[in-house]
Amino acid sequence: MPVSTPDTPEAALLAGLDAWRALPAAQQPGWPDLAVLDEVTTELASCPPLVFAGECDDLKSRLAAAARGEAFLLQGGDCAETFADATADRIRNKVKTMLQMAVVLTYGASMPVIKLGRMAGQYSKPRSSPTEVRDGVELHAYRGDAINDYAFTPQSRVPDPRRLLKAYHTSSATLNLIRAFTKGGFADLRHVHEWNRGFVANAANARYEAMARDIDRAMRFMAACGGDFDALRTVDFYSSHEALLLDYERPLTRIDSRTGTPYNVSAHFVWIGERTRQLDGAHVDLMSRVRNPIGVKLGPSTSPDDALALVDKLDPEREPGRLTFVSRMGAGRVRTALPPLVEAVARSGSTVLWVCDPMHANTFESSSGYKTRRFDDVIDEVTGFFEVHARLGTVPGGVHMELTGDDVTECLGGAEHIDEADLATRYETLCDPRLNHQQSLEVAFLVAEMLGDR
Ligand code: PEP
Ligand code: MN
């Protein structure tokens, strides 16, 4: 039978957006009811975009500046957002934490900081095993709120496509609040002190207060000189998530009316995870066709040829800001595993932005059974990342962190010296352990020093 081929460029473009369906797609849920999935994806395809393509382009040009060493990317948020935690308080605490970290970095390094939340869409998770066993009972693994519920009951763990709609609407509400906070006056730099309010007093907060006083004084000085503060009134805060769940990402991929090209309108930036970056796989194919700035996580098993093949597939035009490589090697391996990749990419003429995720290769299980990370390993990996780039004359362009604005006890160490016994007091994540508010500020101060020395 002859295979029908699309006969116009527009039809070919649209057909391309479904090419992934014929390719192996890792980490997808086995939806039990395909008729419901079909209804849901049809409805998603008619929902308004969450972001505008022009905003994605703005982010892309800022990421290009970061790749040149003229800006720095701060990407952060939960490992897995949950529907229950999409409350005003929790969202505000996360936004405040990011704003505080960004101001610490900006002030410490005199460099623009791009704020990119792992927020408003981070609802699906790759898992190392498709099932979870507790006391001899085996159920589907929890794959994120967009797919199933965390409660360990057979009913809760069945993948339910209707949750994709809830993921969309919760992303929409979250992004709306983020936009209100960051455009409506709350992020005005003259409120630099207020972002610290409501957090428990500790050493990092005190250091922040002292810095905020300096910033205040500088701004009063500028005002007295007749300075114009328009640029300080609002903040551009972008959204990102892992583009894991193709039944969600595809209906939210649309043709931009300005350019006639496809954009993923579920977030400004989307990334391909370490477990789904197969060169001939569905994720790489779909992401190769959207025009957003995109990322790929690279773990220690990545070869220079893998990295180069990803550059050729995802950034054939060598477009500045298009491609970000998020290295997650582990504190013990970053100094040896990263250099061959950075060197190979530099030789390719690509303008990739290098970002350090010092979280995902530093996870281990505590003796008390909690998945955790050591604050010192996080800092050591970022330090190694900066060392590698300094040695090679390349640019360490940003950090990618799992953090929350709440006072949780999920990562060990930091100035509060959270120890294994403390983990039990406030361990709330449904997936990976996050830095709490104080640990996040501490990281920002340490990274600001590294950035200042760069
Ligand atoms: C994550 O970012 O939560 C994640 C699963 O990361 P990675 O793909 O790097 O393992
Ligand atoms: Mn994670």
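As the structure lists them, so they are numbered: ligands from 1, and atoms in each ligand from 1. FYI, side chains are in, hydrogens and waters are out, and symmetry mates aren't considered; it's all heavy atoms of this structure.
Using a 4.5 Å heavy-atom threshold, the side chains of V447 and L105 count as touching. Side-chain contact check for M287 versus V296: every heavy-atom pair is 4.5 Å or farther apart. Looking only at side-chain heavy atoms (C-beta outward), T97 and T404 stay at 4.5 Å or farther from each other.
Using a distance-only test at 3.5 Å, with no hydrogens or angles considered, no donor-acceptor pair links the side chain of T276 to the main chain of I272.
Counting protein heavy atoms only, atom 8 (O) of ligand 1 is closest to E274 N, 2.9 Å. Looking at atom 10 (O) of ligand 1, its nearest protein heavy atom turns out to be R328 NH2, 2.9 Å. For atom 6 (O) of ligand 1, the nearest non-hydrogen atom of the protein is K297 NZ, 2.8 Å. Of all protein heavy atoms, the one closest to atom 1 (C) of ligand 1 is H360 NE2, 2.9 Å.
Every atom of ligand 1 with a heavy atom of G273 under 4.0 Å away is listed here by number and element: 8 (O). Residue P126 approaches ligand 1 through these ligand atoms, each under 4.0 Å from one of its heavy atoms: 5 (C). Shown in contact with R118 at under 4.0 Å from a heavy atom are these atoms of ligand 1, numbered in order with element: 1 (C), 2 (O), 3 (O). For ligand 1, the atoms closer than 4.0 angstrom to any heavy atom of E402 are 1 (C), 2 (O), 3 (O). Atoms of ligand 1 found under 4.0 Å from any heavy atom of C79, numbered from 1 in the order shown, are 3 (O).
With sequence neighbours excluded, the residues satisfying side-chain contact (heavy atoms from CB on, under 4.5 Å) with D377 are A331, N362, R374.
In this structure, Y150 and Y142 have perpendicular ring planes: the angle between them is above 60°, well past the 30° mark. Note on ring orientation: taking the six-membered ring where Trp is involved, the planes of Y427 and Y370 are tilted (angle from 30° to 60°).
Heavy-atom proximity to atom 3 (O) of ligand 1, evaluated over Q122, E242, K125, is greatest for K125.
In this structure, R291 forms no cation-pi arrangement with Y263, as its terminal cationic atom is not both closer than 6.0 Å to the ring centre and no more than 45° off the ring axis.
Note on ligand 1: M359 sits outside its first shell, no heavy atom being nearer than 4.0 Å.
When ring centroids are compared, H400 and W271 come within the 6.0 Å threshold. Residues F83 and Y123 bring their aromatic ring centres within 6.0 Å.
Inside a sphere of radius 2.8 Å centred on the Mn ion (ligand 2), the protein N/O/S atoms present are C79 SG, H360 NE2, E402 OE2, D432 OD2.
To the nearest 0.5 angstrom, W354 atom CH2 is 5.5 Å from L338 atom CG.
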